[in-house]
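Notes follow once the structure below has been shown.
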Amino acid sequence: MLKSTKHLFHSKIKFSLWFLRSFTSLFSPPQFEADLSLSHQHKRNYKKYFLFSFLNENPTNPRVPKQVHSHLVTTASFSHSIRLFNALLRCYSVSENPKDAIFLYQQVQSFYFYFKFDSFTYAFLIKACASLSNLDLGKQFHGVEIKMGFESNLYVQTVLVNMYAESGGLVECKKVFDEMPERNHVTWNVMITGLAKQGEIEFARFLFEKMPDRNVVSWSGMIDGYTRMNQHREALGLFRRMVADDGVDPSEITILAILPAVWNIGDVKMCQLIHGYGLKRGFHVSDIRVMNSLIDTYAKCGCIVSASRFFEEITTDTKNLVSWTSLISGFAMHGMGKEAVESFARMEQEGWKPNRVTFVSVLNACSHGCLVEEGLKFFEKMVSEYRISPDIKHYGCLIDMLGRAGRLEEAEKIALEIPCEISNEVVWRILLGACSFYGNVEMGERVTSKIMEIEKRYGGDYVLMSNILAGAGRFADAESLRTLMVGRNAIKVAGSSLT
DNA sequence: ATAGGGTTAG
């Protein structure tokens, strides 16, 4: 008995040493070896501190929390520090697998029953539930947290509001917010951004106007809410009010929230203004997300030259895959197939591996630039070389490309081969457009019946099909289709131009 | 130690 315990103890020491070695070799903190000569208490504190900063300084490396976790398990030193345990929990809650936070809690709860959890523990656990969008689990921790006496803890209640907002429990969200004895600006912001994200923009605005000290987060949240709801003028108005009247400096996030409103309205001047502001404030050198969004906005405002010039100004080590994809999608929407294909080649030369979005963009470019053979090659390359299984948008581009080139039979064949789990009415709608362009009545009728199996309320389909029929001289059929459209209450919004 | 994020067929 004694021997085996001893053996276990030795193996633990061995493991610890291996562990410390792996830490030192990974990060080689200065004087770590020397500190081993300190007193036992000192060593333990140093180790604790080291593990703590190890966790906090490597938030993106998924191996770090696993290493610390296994160290704590094998050395049975969970009980030594609630802080270390909480830091580990925090790491897991923002990691790729927030469920690990729940597992850690369950493990500690069942093996270390004397362990006393504090308010931070519950805050991070509820945060993990928010990342998982798991409303049921969140409700359970809400119950536990109340039972442990944190019902009026500002931090715990704030993450609780956030969790309910993110996982769609708006009723509970409002209830918790209303019943909080004290709130700070974070609480208000969590509530406002949460409501704005869920589409409750009116109520978010009400709270926004009522809130005592608005900051850049509150403004950005509201602006983002309006752009999500397609209320772009309202978003721009709020942005102007924020900068001009309240004198609040926009952050990177504000810029990212306002740019979709800019390109939806198509305001090039506004885009240049924000670009200039970014230059002045240094966003363009510091935040690749803002730069990528600017490429996209210039392209969507019709200035592909500015978009590509701006792209070329970004240094090679700052550019990423999204920059390349934004450029290619810009070329695609301007019908510049050749430039898109060249950019794709340059991107591969610089060592970037295209993802599914990059392929949607380049296939779209081939379709708009009438590069059918290239497009088919890209599709083949995506499947066999990059092992990306095509999704419905890739098929959409492919069908659009073949349809525009008049290769309707091939397009229809592919549309029929799409697995039914991912198929939708949009691919058939694309094909219907091609049938209309080439005046193919028979296929048009087949395709229309396919669409009607899925969606009967989209007016554009009736209009397109009745145009095909009228083009073939079948005016009576065209007329009855129009009547059917009115009878089914299908709506066709009239087109309009921005200029 | 609590809040906000970029590219996607018609």
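Sequence lines set the chain letters: A, B, ... in the order given, protein chains first and strands last, and positions in each chain run from 1. Reckoned from all heavy atoms, side chains included, excluding hydrogens, waters and symmetry mates.
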Original post:
A:Phe120 on top of B:dA1's base, within under 5.5 Å and under 30°?
Top reply: yes
**OP:** Report which part of the nucleic acid A:Asn424 touches: base, sugar-phosphate, or nothing (heavy-atom distance under 4.0 Å, all strands).
**Re:** base
Original post:
Under 4.0 angstrom, heavy atoms only, what part of the nucleic acid is A:Glu166 near: base, sugar-phosphate, or nothing?
Top reply: sugar-phosphate
Subject >> Presence of salt bridge, A:Lys319 and A:Glu313, under 4.0 angstrom >> reply: no
**OP:** Check every strand shown and say whether A:Asp391 touches a base, only sugar-phosphate, or nothing at a heavy-atom separation below 4.0 Å.
**Re:** nothing
**OP:** Determine, for A:Glu200 against A:Lys174, whether the closest basic-nitrogen to carboxylate-oxygen distance falls under 4.0 angstrom.
**Re:** yes
Original post:
Is A:Asn153 touching bases, backbone alone, or none of the nucleic acid, heavy atoms closer than 4.0 Å?
Top reply: nothing
**OP:** Tell me what A:Arg228 touches on the nucleic acid: a base, only sugar-phosphate, or nothing, going by heavy atoms under 4.0 Å.
**Re:** sugar-phosphate
**OP:** Mind checking A:Phe124 for me? I need base, sugar-phosphate or nothing, with any heavy atom below 4.0 Å counting as a touch.
**Re:** base
Original post:
Checking all strands, does A:Thr325 fall into the base, sugar-phosphate, or nothing category for heavy-atom contacts under 4.0 angstrom?
Top reply: base
Original post:
Is A:Val322 touching bases, backbone alone, or none of the nucleic acid, heavy atoms closer than 4.0 Å?
Top reply: base
**OP:** May I ask you to say whether A:Arg241 pairs ionically with A:Glu209, meaning some side-chain N is under 4.0 Å from a carboxylate O?
**Re:** yes
Subject >> Side-chain ion pair, A:Arg429 and A:Glu455, N-O less than 4.0 Å >> reply: no
Original post:
With a 4.0 Å cut-off on heavy atoms, is A:Ser361 in touch with a base, just the backbone sugar-phosphate, or nothing at all?
Top reply: nothing
Original post:
At under 4.0 Å between heavy atoms, what does A:Asn189 touch on the DNA or RNA strands: base, sugar-phosphate, or nothing?
Top reply: base
Subject >> N/O donor-acceptor pair, side chain A:Ser251 with base B:dG4, under 3.5 angstrom >> reply: yes
Original post:
Within the structure shown, what part of the strands sits under 4.0 Å from A:Ile392 by heavy-atom distance: base, sugar-phosphate, or nothing?
Top reply: base
**OP:** Looking only at side-chain atoms of A:His185, point me to the closest of B:dT7, B:dA3, B:dA9.
**Re:** B:dA3
Original post:
Of all the choices, B:dT8, B:dG10, B:dT2, which nucleotide is nearest to the side chain of A:His368 once you look at every atom?
Top reply: B:dG10
Subject >> Out of B:dA1, B:dT7, B:dA3, whichever nucleotide has its closest atom nearest the side chain of A:Asp296 >> reply: B:dT7
Subject >> Electrostatic pair A:Glu417:A:Lys413 at N-O distance under 4.0 angstrom >> reply: yes
